[in-house]
Amino acid sequence: MSSLNSPLTGLPISLEEATVKSLPGTVCYVTDFITKAEEAAILEKIATAPKPRWKTLTHRRLQTWPSDLANNTLLESPLPPWLINPIIPRILSLPVNADDPSLNMFSDSPHKAPNHVLINEYLPGQGIMPHKDGSAYHPVVCTVSLGASLCLDIYGSNEHGGTESGPRWKILQEPRSLLITTGEMYTNYLHGIADVTADTNLNSETVANWDLLGHPELLKDGVNERQSRTSLTYRDVLKVSKLGRRLFGTKA
Ligand SMILES: O=C(O)CCC(=O)C(=O)O
Ligand SMILES: [Fe+2]
């Protein structure tokens, strides 16, 4: 823990301390954002969710809470308590800068907090194609990683509007870490996870958040052998509709 972490919470005093400086937009990485006990409790809740909660894709499986979006709209419903506590209050407690402790990452978002969580599970050899997250969400994404480490690859777009052939940057996400991506990184770049069984060639030159890692020593010879990794992606869906209004056919 660096001297810029609060002695009380162990978290950075502000997100300025957690900013990945080599990346465009504002990207923040907080190692050990949750404890091992908190991680285990959330993984247990995910594992015991009713089977139909899982949607299985070819390369990963996922749960959507409180529900899937329809026409980019969320049907208003609270998140379950185990996805709220301790993560959401802790995200909101992180000041954007030390000068104004009242300003957090969701101060500008319509609902002032995330209202939607995607749970993605990746086994070794599984990943997600490079993509942008699109316009349904306020452009702030908070990802909490559980279980194991993997690399998020960041791609630029080429002149034809396609994805560049190789990633420009790699961000290593350790278990129990929080990654926040905003701004240009959200709107102009794509992110993906390679479908490999090991992330290789990891070092201070190739990993953008190397200086912010909690346990770089675990990457023996620059290799991260993939194990089952689950991510919680917290976002604020811009359009929320109330069931009552829908039933009576008035516009949300
Ligand atoms: O699992 C991750 O870290 C990324 C997930 C993601 O990009 C998404 O759900 O849009
Ligand atoms: Fe994404």
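Owing to the predicted nature of the structure, the values given are computational and were not obtained by experimental measurement. Each ligand, and each atom within it, is numbered from 1 in the order the structure gives.
With hydrogens and angles ignored, the 3.5 Å screen pairs no side-chain donor or acceptor of Q173 with any backbone N or O of C151. A donor-acceptor pair under 3.5 Å is formed between the side chain of K132 and the backbone N or O of T187.
Residue Y122 approaches ligand 1 through these ligand atoms, each under 4.0 Å from one of its heavy atoms: 1 (O), 2 (C), 4 (C), 5 (C). Within ligand 1, counting atoms from 1 as listed, the ones closer than 4.0 Å to a heavy atom of T143 are 3 (O). Counting the atoms of ligand 1 from 1 in the order shown, those under 4.0 Å from a heavy atom of L118 are 9 (O). When each atom of ligand 1 is checked for a heavy atom of I193 under 4.0 Å away, the hits are 1 (O), 2 (C), 3 (O). Short contacts between ligand 1 and H191, defined as distances under 4.0 Å to a heavy atom of the residue, involve ligand atoms 7 (O).
Residue D133 touches ligand 1 through its side chain alone, judged by heavy-atom distances below 4.0 Å. The residue L62 has no part lying near ligand 1, judged by heavy-atom distances below 4.0 Å. Counting heavy atoms closer than 4.0 Å to ligand 1, residue R229 contributes side-chain atoms (C-beta onward) but none from N, CA, C or O. Residue contacts with ligand 1 for R235 involve side-chain atoms from C-beta outward but no N, CA, C or O (heavy atoms, distance under 4.0 Å).
The number of heavy-atom neighbours closer than 6.0 Å to NZ of K45, taken from other residues, nucleotides and ligands shown, is 12 or below. Around atom CG of D221, no more than 12 heavy atoms belonging to other residues, nucleotides or ligands sit under 6.0 Å away. Atom NE2 of H59 has 12 or fewer heavy atoms from other residues, nucleotides or ligands within 6.0 Å. Around the CD atom of E205, the shell of radius 6.0 Å holds no more than 12 heavy atoms that belong to other residues, nucleotides or ligands.
Annotation: side chain of S177 is not in contact with side chain of V144 (no heavy-atom distance under 4.5 Å). D68 places none of its side-chain heavy atoms less than 4.5 Å from the side chain of L74.
Of the protein's heavy atoms, H131 NE2, 3.8 Å lies nearest to atom 8 (C) of ligand 1. Protein heavy atom in closest approach to atom 9 (O) of ligand 1: N120 ND2, 3.1 Å.
Sorting the N, O or S atoms of D133 by how far they are from the Fe ion (ligand 2) puts OD1 first.
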